Asker: 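Sharing a structure here in structure tokens format.
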Amino acid sequence: MGKYLSLILVFLTLMVNAQDSDQLAIEEIEAHREKQRKEFQDPDESPLEAKDLKHFSDLDYFPIDLKYRVTARYKEHDTKKFVRIKTTTDRLPEYVRFAALTFDIDGETYTLQAYQNQELLTDPEYSDYLFIPFNDNTNGDETYGGGRYIDFRIPQKAETILDFNQCYNPYCCYNGKYSCPIPPQENYLPVKIPAGVKDYKKSKKKK
């Protein structure tokens with residue numbers, strides 16, 4: 001009897017720990033959205049055009065879904081190639097194809113490439129910053145047709161969290177004056193990722 005009781009206690013402890021971990025993840029996502037909301041409301045930081053800023057209250061997000069907060073296998077490339085990524089203008093910023101992140105969703109395995117912006121390396125705050133632009137099957141429908149981005153920091157372990165609930169739109173989604181990187185074809189995910197921020201212009205039309 002004591003053996004089974006011990007197993008039950010271990011199981012309950014694991015359940016409580018999992019619930020605590022989920023709650024912390026939700027709080028992190030909510031804090032990310034609140035920070036983003038404040039930036040968009042700030043005239044000095046907002047990418048919105050003046051006419052849109054007057055009426056802005058919040059961005060439109062998919063409901064938080066921890067299914068899209070995945071554990072990814074992180075592997076830096078042995079040979080880090082310099083690439084120029086196309087943008088919405090004729091600008092061709094230089095990046096290093098730095099690492100691959102491989103993860104599973106609904107039993108299928110996907111990989112995204114993380115890039116290192118060479119201009120940002122001069123700023124100590126961004127010395128470990130990586131950039132993940134990606135497309136998925138929500139683009140042009142529920143989300144911005146030009147893809148979405150995830151900010152990422154070089155992890156200390158071979159496994160790390162990749163949270164699509166925190167993905168965001170390029171500034172070009174809000175204002176045509178910006179020059180935004182277009183996700184390379186290798187970062188197309190042949191699946192819907194209904195997480196993170198939705199398309200701004202379509203969200204405005206629904207209001």
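This structure is a prediction, so every number in the text was calculated from the model and none was measured. Start at 1 with the first residue, then count along the sequence.
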Asker: Closest approach of E125 and D128, non-hydrogen atoms and distance?
Answerer: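 Minimum heavy-atom separation between E125 and D128: O-OD1, 4.2 Å.
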Asker: So if I apply the side-chain contact (heavy atoms from CB on, under 4.5 Å) rule between L189 and each of D136, N135, T138, which one comes out positive?
Answerer: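 Single side-chain contact (heavy atoms from CB on, under 4.5 Å) partner of L189 among D136, N135, T138: D136.
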Asker: Any link between I193 and Y168 through a network of hydrophobic side chains (Ile, Leu, Val, Met, Phe, Trp, Tyr) touching at under 4.5 Å?
Answerer: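 No, because I193 and Y168 fall into different hydrophobic clusters, even though each may have its own neighbours under 4.5 Å.
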Asker: Could you please spell out the steps behind the side-chain contact (heavy atoms from CB on, under 4.5 Å) verdict for F164 and R69?
Answerer: CA-CA 6 Å; F164 288 98; R69 182 181 170 92; over 6 Å; no
Asker: Specify the closest pair of heavy atoms between P47 and N175, including all atoms of both residues, with the distance to one decimal.
Answerer: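 Taking P47 first and N175 second, the nearest heavy atoms are O-CB, 3.1 Å.
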Asker: Are Q166 and E28 linked by a side-chain donor-acceptor pair shorter than 3.5 Å?
Answerer: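 Note: Q166 and E28 side chains meet the donor-acceptor criterion.
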Asker: Are the side chains of Y144 and V197 in contact, using a 4.5 Å heavy-atom criterion?
Answerer: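 A side-chain contact is absent here, since even the closest heavy-atom pair is not under 4.5 Å.
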Asker: Restricting to non-hydrogen atoms, name the atom on G146 and the atom on P170 that form the minimum distance, rounded to 0.1 Å.
Answerer: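 Shortest heavy-atom separation between G146 and P170 comes out as O-CG, 4.4 Å.
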Asker: Test E94 against V83 for side-chain contact (heavy atoms from CB on, under 4.5 Å), laying out the working first.
Answerer: CA-CA 6 Å; E94 189 173 64; V83 296; over 6 Å; no
Asker: Can a donor-acceptor pair be found between the side chains of N187 and Y110 at a distance below 3.5 Å?
Answerer: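 Distance-only check fails for N187 and Y110.
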Asker: Check for me, please, whether I132 and Y126 land in the same ILVMFWY cluster - side-chain distances under 4.5 Å, paths through other members count.
Answerer: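 No; tracing contacts between hydrophobic side chains, which count when under 4.5 Å, never links both residues.
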Asker: Do P184 and P133 come close enough that some side-chain heavy atom pair is under 4.5 Å?
Answerer: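 Answer yes - side chains close enough.
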Asker: Find out whether Y115 and R97 are in side-chain contact, i.e. whether some heavy atom of one side chain is under 4.5 Å from a heavy atom of the other.
Answerer: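 Side-chain contact under 4.5 Å: yes.
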Asker: Which distance, rounded to the nearest 0.5 Å, do you find between the CG of L101 and the OG1 of T71?
Answerer: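 It is 11.5 Å, given to the nearest 0.5 Å.
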Asker: With rounding to the nearest 0.5 Å, note down the distance linking CG in N165 to CD1 in I150.
Answerer: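 That separation rounds to 9.5 Å.
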Asker: So that I know where these two stand, are Y68 and F62 an aromatic pair - ring centroids less than 6.0 Å apart?
Answerer: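 Ring centroids of Y68 and F62 are no less than 6.0 Å from each other.
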Asker: Can you find a heavy atom in the side chain of H32 that is under 4.5 Å from one in the side chain of E34?
Answerer: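 Sidechains of E34 and H32: no contact.
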Asker: With a 4.5 Å cut-off on side-chain heavy-atom distances among I, L, V, M, F, W and Y, is there a chain of contacts connecting I182 to Y188?
Answerer: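 No, I182 does not connect to Y188 through the hydrophobic network.
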Asker: For K80, is the NZ atom crowded, meaning more than 12 foreign heavy atoms sit under 6.0 Å from it?
Answerer: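 Enclosed.
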Asker: Determine, step by step, whether K67 and D106 satisfy the side-chain contact (heavy atoms from CB on, under 4.5 Å) criterion, reporting the C-alpha distance in whole Å, the side-chain angles of both residues, the deciding distance to 0.1 Å, and the verdict.
Answerer: CA-CA 9 Å; K67 169 184 173 178; D106 289 334; 2.9 Å; yes
Asker: Does CD in Q156 sit with more than 12 non-hydrogen atoms of other residues, nucleotides or ligands closer than 6.0 Å?
Answerer: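 It does not: Q156 CD has 12 such atoms or fewer within range.
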Asker: When you look at CZ of F98, are more than 12 heavy atoms from neighbouring residues, nucleotides or ligands closer to it than 6.0 Å?
Answerer: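 Count over threshold, so yes.
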Asker: Side-chain heavy atoms under 4.5 angstrom apart, residues restricted to Ile, Leu, Val, Met, Phe, Trp, Tyr: same cluster for V96 and Y129?
Answerer: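 Cluster IDs for V96 and Y129 differ.
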Asker: Keeping the roles fixed (side chain from E45, backbone from P43), state whether a donor-acceptor pair exists under 3.5 Å.
Answerer: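 Looks like no, no N/O pair under 3.5 Å.
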Asker: So, for S46 and L53, which heavy atoms are closest and what is the spacing to 0.1 Å?
Answerer: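 Smallest heavy-atom distance, with atoms named: OG-CD1, 3.9 Å.
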Asker: How long is the span from the OG1 atom in T160 to the CZ atom in R73, to the nearest 0.5 Å?
Answerer: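 Separation between the atoms: 12.5 Å.
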Asker: Could you tell me whether the side chain of T87 and the main chain of P181 form a donor-acceptor pair under 3.5 Å?
Answerer: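 Such a contact is absent between T87 side chain and P181 backbone.
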Asker: Hey, could you give me the CG/CG distance between N117 and D123, rounded to the nearest 0.5 Å?
Answerer: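 Reported value, rounded in 0.5 Å steps: 11.0 Å.
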Asker: Grab the two heavy atoms, one from S127 and one from Q116, that are nearest each other, plus how far apart they are.
Answerer: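 So the two residues come closest at O-NE2, 4.0 Å.
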Asker: Out of the candidates R33, Q36, K198, only one should pair with Y61 under the side chain to side chain donor-acceptor pair (under 3.5 Å) rule; please name it.
Answerer: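 Of the listed options, the one satisfying the test is Q36.
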Asker: Using side-chain heavy atoms (C-beta onward) and a distance below 4.5 Å, is K75 in contact with T102?
Answerer: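 The answer is no; the side chains never approach within 4.5 Å.
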Asker: Quick check for you: to the nearest 0.5 Å, what is the distance between F152 atom CZ and Y74 atom OH?
Answerer: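 Between atom CZ of F152 and atom OH of Y74 there are 6.5 Å.
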Asker: Return the minimal non-hydrogen interatomic distance between C167 and R148, and the atom names on each side.
Answerer: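 In this case the closest contact between C167 and R148 is SG-NH1, 3.3 Å.
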Asker: I need the E108 CD to F103 CZ distance, nearest 0.5 Å.
Answerer: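 With rounding to 0.5 Å, CD (E108) is 11.5 Å from CZ (F103).
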Asker: V191 and L162: same hydrophobic cluster, using ILVMFWY side-chain contacts below 4.5 Å?
Answerer: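 Cluster IDs for V191 and L162 match.
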Asker: Which is it for D104 and V70 under the side-chain contact (heavy atoms from CB on, under 4.5 Å) test, yes or no, and what are the steps along the way?
Answerer: CA-CA 7 Å; D104 300 321; V70 298; over 6 Å; no
Asker: With no hydrogens and no angle check, do the side chains of D199 and T143 hold a donor and an acceptor under 3.5 Å apart?
Answerer: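 No pair is found: no donor N or O on one side chain lies under 3.5 Å from an acceptor on the other.
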Asker: Parallel, tilted or perpendicular for F131 and Y149, by the 30°/60° rule?
Answerer: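 Taking Y149 first and then F131, their aromatic rings stand perpendicular (interplane angle over 60°).
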Asker: Taking C-beta and beyond as the side chain, do L121 and Q118 meet within less than 4.5 Å on heavy atoms?
Answerer: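 They are in side-chain contact.
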Asker: F56 and Y174: aromatic ring centres closer than 6.0 Å?
Answerer: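 Here the rings of Y174 and F56 have centres that are no less than 6.0 Å from each other.
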